[in-house]
Amino acid sequence: RNARGVGSALDAAIAAAGGNPAVPNSSDLINNYITGILAAESGGRPNAPCESIANPWAGGCGIGQISPNTAKGLDPSLQGLGLYEIQQKLINDTNYNLALNAQLATMAQTKAYNALTNAGLPTDEASVVGAMAAYYNGGAGAIAPSRDCGSGTLAYQCDINAGGYAATKNKYVPTVLNYYNAAKARK
């Protein structure tokens, strides 16, 4: 139903994180979305290693490829821990990583829905999931109103001076949507 061997853990994480009641079928949307994120980020592999990038605090770790900085923002109990300790928790505690992903997904759902609504854009399922994926990949700036394409366009959707969101628009969002739709079709 979702990523390899994490079905019940993902379901529990989603239930604990809640969802946006304004969005129809919120729980299913979140479940399929996270399944898409896990597939895009780590191939659904629990214990996926951290990305090797210049700033290890920003490199994703574990099944959902959550960065240590993002984890610290979502979980205040990590504040006194060092980089290695946080990375190991993200890699080795799949349930914890899934719980952070569910928390981030519900936050992304609300932010995406609000960004689309405020921009006067459709809030259909594909639009919400696409904006959620853009938020996950590019942060809040990706779903901010575009400065270059005018009203009714989010930054990641704009082809003019995309502000670094070209890969988010052209690769990441379509990849997550494909995995999302595959997860939805399996139900």
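A single hydrophobic cluster is not seen to contain both L38 and I91; linkage of ILVMFWY side chains at heavy-atom distances under 4.5 Å, directly or through other members, places them apart. L104 is not connected to Y179 by any chain of hydrophobic side-chain contacts under 4.5 Å among Ile, Leu, Val, Met, Phe, Trp and Tyr, and they are in different clusters.
Between I86 atom CD1 and Q79 atom CD the span is 7.5 Å, to the nearest 0.5 Å. To the nearest 0.5 Å, the span separating CG on N114 from CD on Q109 amounts to 10.0 Å. Taken to the nearest 0.5 Å, the CG atom of L154 stands 11.0 Å off from the NZ atom of K169. To the nearest 0.5 angstrom, C61 atom SG is 8.5 Å from Q88 atom CD. Atom CG in N69 sits 11.0 Å away from atom CG in L74 (nearest 0.5 Å). A distance of 10.5 Å separates CD1 in I30 from CG in N101, rounded to the nearest 0.5 Å.
Between Y136 and Y172, the ring planes are parallel. Angles under 30° get that label, and only those over 60° would be called perpendicular.
When every heavy atom of A108 is checked against every heavy atom of Y135, the shortest pair comes out as CB-CD2, 3.5 Å. Between I66 and L100, the closest heavy-atom pair is CG2-CD1, 4.2 Å. Minimum interatomic distance between P68 and G59 (heavy atoms only, all atoms of both residues): CD-O, 3.2 Å. Between V176 and A40, the shortest heavy-atom distance links the atoms CG2-CB, 3.9 Å. Of all heavy-atom pairs between I34 and A102, the closest is CD1-CA, 3.5 Å. Contact detail for N97 and G64: the closest heavy-atom pair is OD1-N, 3.1 Å.
For the pair V173 and N137, the minimum side-chain heavy-atom distance is 4.5 Å or more. Proximity of Y96 to D75: side-chain heavy atoms (C-beta onward) are separated by under 4.5 Å at one or more points. Contact check for Q157 versus Y165: no side-chain heavy atoms found under the 4.5 Å cut-off. Between T35 and Y180 the shortest side-chain heavy-atom distance does not fall below 4.5 Å.
Every pair tested for disulfide bond (SG atoms under 2.5 Å apart) that includes a residue from residues 113-146 fails, sequence neighbours excluded, so the list is empty. Residues in residues 121-150 take part in these disulfide bond (SG atoms under 2.5 Å apart) pairs, two or more places apart or across chains: C149-C158.
Listed for the Q65 side chain is a donor-acceptor partner under 3.5 Å among the backbone atoms of P49. For T106 (side chain) and Q103 (main-chain N/O), a donor-acceptor pair under 3.5 Å exists by modelled atom type. Judged by distance alone, the side chain of D93 and the main-chain N or O of K89 form no donor-acceptor pair under 3.5 Å. At least one donor-acceptor pair closer than 3.5 Å links the side chain of Y33 to the backbone N or O of M132.
Between D28 and K184 there is no salt bridge, since none of the side-chain N atoms of the basic residue sits less than 4.0 Å from a carboxylate O of the acidic one.
D124 and S127 share a side-chain donor-acceptor pair at under 3.5 Å.
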Trace of the side-chain contact (heavy atoms from CB on, under 4.5 Å) decision for I63 with N47: CA-CA 6 Å; I63 191 167; N47 311 106; over 6 Å; no
